[in-house]
Structure formats: C-alpha cells, structure tokens
Asks: 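Shown below is the structure under consideration.
The model shown is predicted, which means the values in this text are computed figures rather than measured ones. Counting convention: from 1, in listed order, for ligands and their atoms alike. Keep in mind that the numbers below use all heavy atoms, side chains included, and drop hydrogens, waters and symmetry copies.
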Amino acid sequence: MHHSHCIEEMNKPARGSLLGIEHLDGGEILGLLKLARRMNPMKPRPLLRGKRVLLLFYEPSTRTRSSFEIAAKSMAAMTTLVLSSGSSIEKGESLLDTAYTLRALGADLIVVRHPLAGAPALMARHLDIPVVNAGDGMHEHPSQALLDAYTILRHKKTLKGLQVAIVGDVYHSRVARSAIHLSAKVGARVTLCGPPELLPEVATTLAPGLHITRTAEDAVRGADVIMVLRVQKERLAGVKISLQNYTERYQVTMSRVKLAKRDAMVMHPGPIIRGLELTSEVADCPQSVIVEEVRNGVSMRMAILSKALGRAR
Ligand code: CP
C-alpha cells in the first residue's frame, strides 16, 4: 500500500465497500434484501471464519455498533472495536493513518461511523479492503435504509407503490437521505414533512418524485409507512427552532397515526426521544415496529458483511 495522498484521491473505492444507497441499483438492493432473509443470527453459520472485522466509531452508537458486532460474530468473524475516545485518535492520529493502522493489524473489513460526510469513501479509496459506512455525517446510513426496507417487506408484499411519509429533522438525517435514495430505486413514493429549518425545499432534488408537506396531517394521510426521525439536537447549532412549536405541529401522535392506512407501520431508526418527535403511546402502539427494526438489523448486517467479503451463500 502506498501513501501518496494527491494521486490516491482518484482511486476507486475498495471492492465490496458499501458507502451509500445512492450508487446502488434496484437489483443490488433487492439482492441484499433477499440475502438477509436467509440470515438467522439464532442459527450461526461460520461464513466469515478467519476474517477480522474492525468496528471504528467516531460517534456514539448503540444499535449499529452492536448489531454489526453481533452479525460478524454470528458468522464466526473476529471483531475489534475502536472508539475515537480512548484511542490514539484523541492524540491526533488522522483518519487515514488510523485506517492504515487497522489494516496493518490484519483487518479484512472496516465498519466506520464518522461525523464527516465522505469519511468512509475516503478510507475506501485508500485501502484494499472493503469499507462499510455505518453513518457519515449528514450524508448516508445505508445499512439503516436496508434494514428498514427489510422490515417493511416482513409486513408488505412489495416496496413498489408504497406511500412513505418521512417526518421530522430531514435536513440533518443521513437515515432520511439513504431511505429517499432506496425508495426512489424500488418505486416507493415518499412525502417529506418538517419545518423549513429542518427541511429546506432543496430536499426535493435528492430524488425524482419527492414531495414536501408542511403539515404532519397531510404527510401521514393515507400513508403505508410513517418514518419518524429524531430531532438531532447535537447537530442543531445555529438552527433557530422552537421545540415546543415543533412538538405541536410535527410530533407523531396517535391522532395523526390514525390518519394513515389502518395497517400502516410506524418506524423510527432510534434512538427515540419520547415526547419530542413522537409520543410514548405511538412508540409502543401495535403498529410500531421500532423494536423489530433493531432486531432485523442483525440479519441485514449479516447479509451486508458476507456480501462485502465475498462469502454470501
Ligand atoms: N439507528 C442508529 O443508527 O442507531 P445508533 O446510533 O444507536 O447506532
């Protein structure tokens, strides 16, 4: 591996990398979803025996981090977790130097979460092993979009033609960006809803056929899926927004859920903030699949890891 930084900017990402949904086609997405159906964390299969999976997290995570780890271990891979706090990242080691260090330690694949958009892509262009994006800044969170699509398909026959309402802090949401790209590629129809501060008009340019509404009622009326987003307080610096006003106008409440189809699913990537973007009643209602999304995350990530390492069966 050479370390000349100017020429390598042109490199292609390492084979097998999953950097986002935007550059996948519908067939690749459906292939990954199909593969996930064959994965069962309760019945471990040693598909990744002898492989070392490095989990590199520069931001907090509960679900993504532990489900990638459980997924890797369910397939007999070895895993090592490196967090930015408590590692040499605190001493100023750069992203690429950290990546080269993990590679030198024998990593066969790196799962990375980073506050900056493009960090996983940069790593993938400098390494000869697959890099899996576990969330990069306000860019993408591809494994979340895939596990959400997988969860929808446990309840609905097809994604094509489904009406999906995405409600909340769309602007800061990598989950929304990945879900928007995925929906466009599989033919689901998306309505975005939120206040202008958290949902600028430009969001409609992310994919063809996107609509914006400024009332939660309009967004959820007739929806098959209500996808609630967390208000990302850690990314709100400089955004002037009244949380009380937000709650009144956009909080997903039972009376709003009742405007959706009778069999509508309520989703949220987590972590949920009860009483802000949704009520506790909605979080725990029979239509809520929030816990199921977490559970499905393991099978979906088993599929992602085995595909990335060329061991998909
Ligand atoms: N949905 C999600 O990415 O959750 P974590 O931040 O806990 O991983």
Side-chain angles (χ1 to χ4, degrees), residues 18-22 32-33 36 41 53-74 79-85 109-120 131-152 154 164 166-183 194 198 225-236 252 265-274 276-278 282-283 288-305:
L18 176 65
L19 302 173
I21 301 293
E22 186 176 4
L32 276 164
L33 294 172
V53 171
L54 264 289
L55 306 161
L56 175 60
F57 278 69
Y58 286 78
E59 278 189 339
S61 168
T62 299
R63 282 150 282 271
T64 311
R65 178 189 133 182
S66 44
S67 63
F68 267 118
E69 181 172 345
I70 292 166
K73 286 186 166 143
S74 304
T79 63
T80 301
L81 173 66
V82 177
L83 302 176
S84 51
S85 72
L109 179 149
I110 300 177
V111 175
V112 60
R113 169 169 289 190
H114 198 281
L116 295 179
V131 175
V132 173
N133 180 4
D136 61 332
M138 288 157 54
H139 177 225
E140 283 224 41
H141 192 348
S143 63
Q144 181 73 44
L146 287 164
L147 77 88
D148 284 341
Y150 178 83
T151 303
I152 294 170
R154 309 295 301 189
V164 180
I166 302 183
V167 185
D169 183 359
V170 177
Y171 179 64
H172 294 106
S173 180
R174 53 198 178 206
V175 174
R177 266 172 200 71
S178 290
I180 287 167
H181 289 307
L182 192 148
S183 299
L198 300 181
V225 176
I226 303 171
M227 205 172 270
V228 191
L229 300 174
R230 182 172 65 89
V231 176
Q232 300 196 25
K233 285 188 179 160
E234 73 276 25
R235 298 190 218 271
L236 281 186
V252 177
M265 303 165 65
V266 176
M267 309 185 78
H268 190 308
I272 59 172
I273 310 297
R274 291 170 189 259
L276 182 49
E277 66 266 9
L278 81 177
V282 169
S288 164
V289 293
I290 297 171
V291 175
E292 194 188 322
E293 288 171 76
V294 177
R295 202 178 313 119
N296 291 338
V298 181
S299 309
M300 194 63 242
R301 287 170 175 131
M302 286 171 77
I304 290 169
L305 293 175

Asks: Tell me if a side-chain donor or acceptor on R177 pairs with a main-chain N or O of S173 at a distance below 3.5 Å.
Replies: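 Checking the backbone N and O of S173 against the side chain of R177, a donor-acceptor pair under 3.5 Å is found.
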Asks: Looking at atom 1 (N) of ligand 1, what's its closest protein heavy atom, distance included?
Replies: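 The answer is P269 O, 2.9 Å.
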Asks: What residues form a ring-ring contact (aromatic ring centres under 6.0 Å, His included) with Y58, not counting sequence neighbours?
Replies: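 ring-ring contact (aromatic ring centres under 6.0 Å, His included) check on Y58 returns H114.
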Asks: Does G270 reach ligand 1 with a nitrogen or oxygen that is under 3.5 Å from one of the ligand's nitrogen or oxygen atoms?
Replies: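 Yes; at least one N/O pair falls below 3.5 Å.
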Asks: Considering only residues two or more places apart or on different chains, which pairs with a residue in residues 132-143 satisfy salt bridge (Lys or Arg N to Asp or Glu O under 4.0 Å)?
Replies: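 As it turns out, there is no salt bridge (Lys or Arg N to Asp or Glu O under 4.0 Å) pair with a partner in residues 132-143 once direct neighbours are skipped.
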Asks: Work out which heavy atom in P115 is nearest to a heavy atom in R235; give both atom names and the distance.
Replies: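 Answer, listing the atom of P115 first, then R235: O-NH1, 4.5 Å.
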Asks: Would H141 count as a contact residue for ligand 1, given that I'm defining contact as a non-hydrogen atom of the residue lying under 4.0 Å from a ligand atom?
Replies: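 Contact present.
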Asks: Among protein heavy atoms, which sits nearest to atom 6 (O) of ligand 1, and what does the distance come to when rounded to 0.1 Å?
Replies: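 Result: R113 NH1, 2.8 Å.
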Asks: If you define the side chain from C-beta out and look only at heavy atoms, does anything of R113 sit under 4.5 Å from H141?
Replies: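 Yes - at least one pair of side-chain heavy atoms lies under 4.5 Å apart.
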Asks: Heavy-atom contacts with T62 under 4.0 Å: which atoms of ligand 1 show up? List them by number with element.
Replies: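 Ligand 1 atoms under the 4.0 Å threshold to T62: 5 (P), 7 (O), 8 (O).
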Asks: Which residue and atom name correspond to the protein heavy atom nearest atom 4 (O) of ligand 1, and how close is it?
Replies: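 For atom 4 (O) of ligand 1, the nearest protein heavy atom comes out as R63 NE, 2.9 Å.
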